[in-house]
Amino acid sequence: MTDLANLPTRDFPEPAAMLRLIKPITWFPPMWAYLCGVIASGVAPSSQLGLVILGIILAGPIVCGMSQAANDWCDRHVDAINEPDRPIPSGRIPGRWGLWIALVMSALSLFVGWFLGPWGFGATILGVLAAWAYSAEPLRMKRSGWWGPGLVGLSYESLPWFTGAAVLSAGAPSWQIVVIALLYGIGAHGIMTLNDFKALEGDRQMGVNSLPVTLGPEHAAKAACWIMAVPQALVIALLILWDKPIFAIAISAALALQVWAMRVLLSDPKGRAPWYNGTGVMLYVSGMMIAAFALRSL
């Protein structure tokens, strides 16, 4: 375990470490979900291109980046066990710079969100609150393997999807959009659970009750697979009910490929989790966009 008190001191953070702190690789899911909402709204994106671009930047680099900075600050002692080379435990972001970056980005999120109108601003407030509720005491919802991933799934998928549709429509999205966005957000709980595998040892030592810790890797992986698959099956059923069979068939094909990937995952849950996050998740988010186009044509 890295001793945070004895790290080499520096006055300012390294620029490369600041970029790593906000984890660009994590920006894709909320940006993609916002774009799904834009497509699902039925409004031509070219007619509101400024709001589309601003919303994508807000969802990814700003709000998601802020949530990553907040999480790394609140997790600095856990990361000293799991990943001591991360920016904060390694000392490349010294002192309280990690906290200050997260707070400044929280303020920036609210400032930019204001320009998306009342629906966009309200969603931004919820996103910022969710980020801190997940990571920070006294709530620190990430301590729960059920509530934590659920909150992240809804924040990364459902909320930006709803926001994209609401901003483009300048009003509340249709109930069909809300239902599909919620289903994909619920399914993302499983994705977040698989992401917890990499922090298994540190979470166990620091009292973070992720599903891999509480259920064990095998049972946690099985739970994650069911949580990802069932909402997609419900989406397929709804699209059939709404007379969109072609879209339902396309999502069914994506789900069938995910089931194959899940079988590979379950052969070695801890070792295969990173592989699944690069394979099965891409199929999952492809289904999201297919569903968005289906909703657009309703």
Side-chain angles (χ1 to χ4, degrees), residues 13 15-37 55-76 78-79 82-83 85-90 92-93 98-99 101-106 108-109 112-113 123-124 126-136 141-142 148-161 163-164 184-185 187-200 202-203 208 210 212 224 228 273-286 288-289:
M18 293 173 68
L19 181 62
R20 186 180 174 188
L21 181 71
I22 59 176
K23 299 184 184 68
I25 196 172
T26 66
W27 302 347
F28 173 76
M31 294 167 68
W32 184 258
Y34 183 87
L35 190 56
C36 286
I56 290 173
I57 293 172
L58 176 64
I62 302 179
V63 174
C64 184
M66 173 275 299
S67 72
Q68 297 299 326
N71 186 60
D72 268 27
W73 170 255
C74 296
D75 264 8
R76 59 196 185 279
V78 178
D79 289 340
N82 290 319
E83 299 176 86
D85 65 326
R86 278 193 173 187
I88 294 175
S90 69
R92 287 176 293 141
I93 293 185
L99 175 61
I101 290 170
L103 291 174
V104 169
M105 292 187 71
S106 297
L108 178 62
S109 299
V112 175
T124 303
L126 288 177
V128 172
L129 291 175
W132 286 102
Y134 175 77
S135 298
M141 292 180 70
K142 73 174 298 175
L151 179 64
V152 174
L154 294 174
S155 300
Y156 272 41
E157 306 294 358
S158 301
L159 185 60
W161 188 320
T163 306
Y184 275 108
H189 184 295
I191 299 173
M192 297 303 116
T193 295
L194 294 179
N195 193 53
D196 286 337
F197 275 76
K198 69 179 187 295
L200 179 59
D203 286 349
V208 176
S210 67
M228 288 184 285
W275 172 84
Y276 188 91
N277 279 334
T279 305
V281 172
M282 186 56 64
L283 293 165
Y284 185 92
V285 299
S286 297
M288 288 172 55
M289 187 58 74

Heavy atoms of Ser158 and Gly185 approach each other most closely as OG-CA, 3.1 Å
One should read off an interatomic distance between Leu154 CG and Leu126 CG, to the nearest 0.5 angstrom, of 11.0 Å
CG (Leu21) and CD1 (Ile101) are apart, to the nearest 0.5 Å, by 5.5 Å
Applying side-chain hydrogen bond (donor to acceptor under 3.5 Å, both in side chains) to Ser286 and not counting sequence neighbours gives none
- Query: Got a donor-acceptor contact below 3.5 angstrom from the Trp73 side chain to the Ala102 backbone?
  - Reply: no
Those residues at least two apart in sequence (or on a different chain) that pass side-chain hydrogen bond (donor to acceptor under 3.5 Å, both in side chains) with Trp132 are Ser106
Nearest heavy-atom approach of Pro212 to Thr193 is CG-O, 3.9 Å
Assess the residue pair Lys142 and Asp75 against the criterion (salt bridge (charged side-chain N to carboxylate O under 4.0 Å, His left out)); give the C-alpha distance rounded to whole Å, side-chain angles, the decisive distance to 0.1 Å, and a yes or no. CA-CA 10 Å; Lys142 73 174 298 175; Asp75 264 8; 2.3 Å; yes
Residue set satisfying side-chain contact (heavy atoms from CB on, under 4.5 Å) with Ser155, at least two apart, ordered chain then number -> Ala130, Leu151
Query raised in the report: Quick one: does Pro29's side chain get under 4.5 Å of Val285's, heavy atoms only?
Result: no
Residues Asp79, Ile88; criterion side-chain contact (heavy atoms from CB on, under 4.5 Å); working and verdict
CA-CA 8 Å; Asp79 289 340; Ile88 294 175; over 6 Å; no
- [ ] Return yes when atom CE of Met282 has more than 12 non-hydrogen atoms of other residues, nucleotides or ligands closer than 6.0 Å, and no otherwise.
- [x] no
Go through the steps for Val112 and Ile57 under the test side-chain contact (heavy atoms from CB on, under 4.5 Å), then give the verdict.
CA-CA 9 Å; Val112 175; Ile57 293 172; over 6 Å; no
dist Cys64:SG -> Phe28:CZ (nearest 0.5 Å) comes out at 12.0 Å
Tyr184 meets the ring pair (Phe, Tyr, Trp, His ring centres under 6.0 Å) criterion, sequence neighbours left out, with Trp161, Tyr284
Residues Asn277, Ile191; criterion side-chain contact (heavy atoms from CB on, under 4.5 Å); working and verdict: CA-CA 7 Å; Asn277 279 334; Ile191 299 173; 4.2 Å; yes
Sorted by chain and residue number, the side-chain contact (heavy atoms from CB on, under 4.5 Å) partners of Ser109 (sequence neighbours excluded) come out as Leu58, Ile62, Val63, Met66, Thr124, Val128
Contacts of Asn195 meeting side-chain hydrogen bond (donor to acceptor under 3.5 Å, both in side chains) (sequence neighbours excluded), chain-then-number -> Lys198
Those residues at least two apart in sequence (or on a different chain) that pass side-chain contact (heavy atoms from CB on, under 4.5 Å) with Pro274 are none
Looking only at heavy atoms, the pair that brings Gly187 and Met228 closest together is O-CG, 3.3 Å
Those residues at least two apart in sequence (or on a different chain) that pass side-chain contact (heavy atoms from CB on, under 4.5 Å) with Ile56 are Met31, Tyr34, Leu35, Val52
Closest non-hydrogen atoms of Ala273 and Leu194, given as atom of the first, atom of the second and distance, are CB-O, 3.9 Å
In terms of heavy-atom contacts, Gly150 and His189 come closest through N-CD2, 3.2 Å
So salt bridge (charged side-chain N to carboxylate O under 4.0 Å, His left out) across residues 15-32, not counting sequence neighbours, yields Arg20-Asp85, Lys23-Asp72
> Is a donor on one side and an acceptor on the other found under 3.5 Å between the side chain of Trp27 and the backbone of Ile22?
Replying inline: yes
Minimal heavy-atom distance between Pro160 and Pro30, with the atoms involved, is CB-O, 3.5 Å
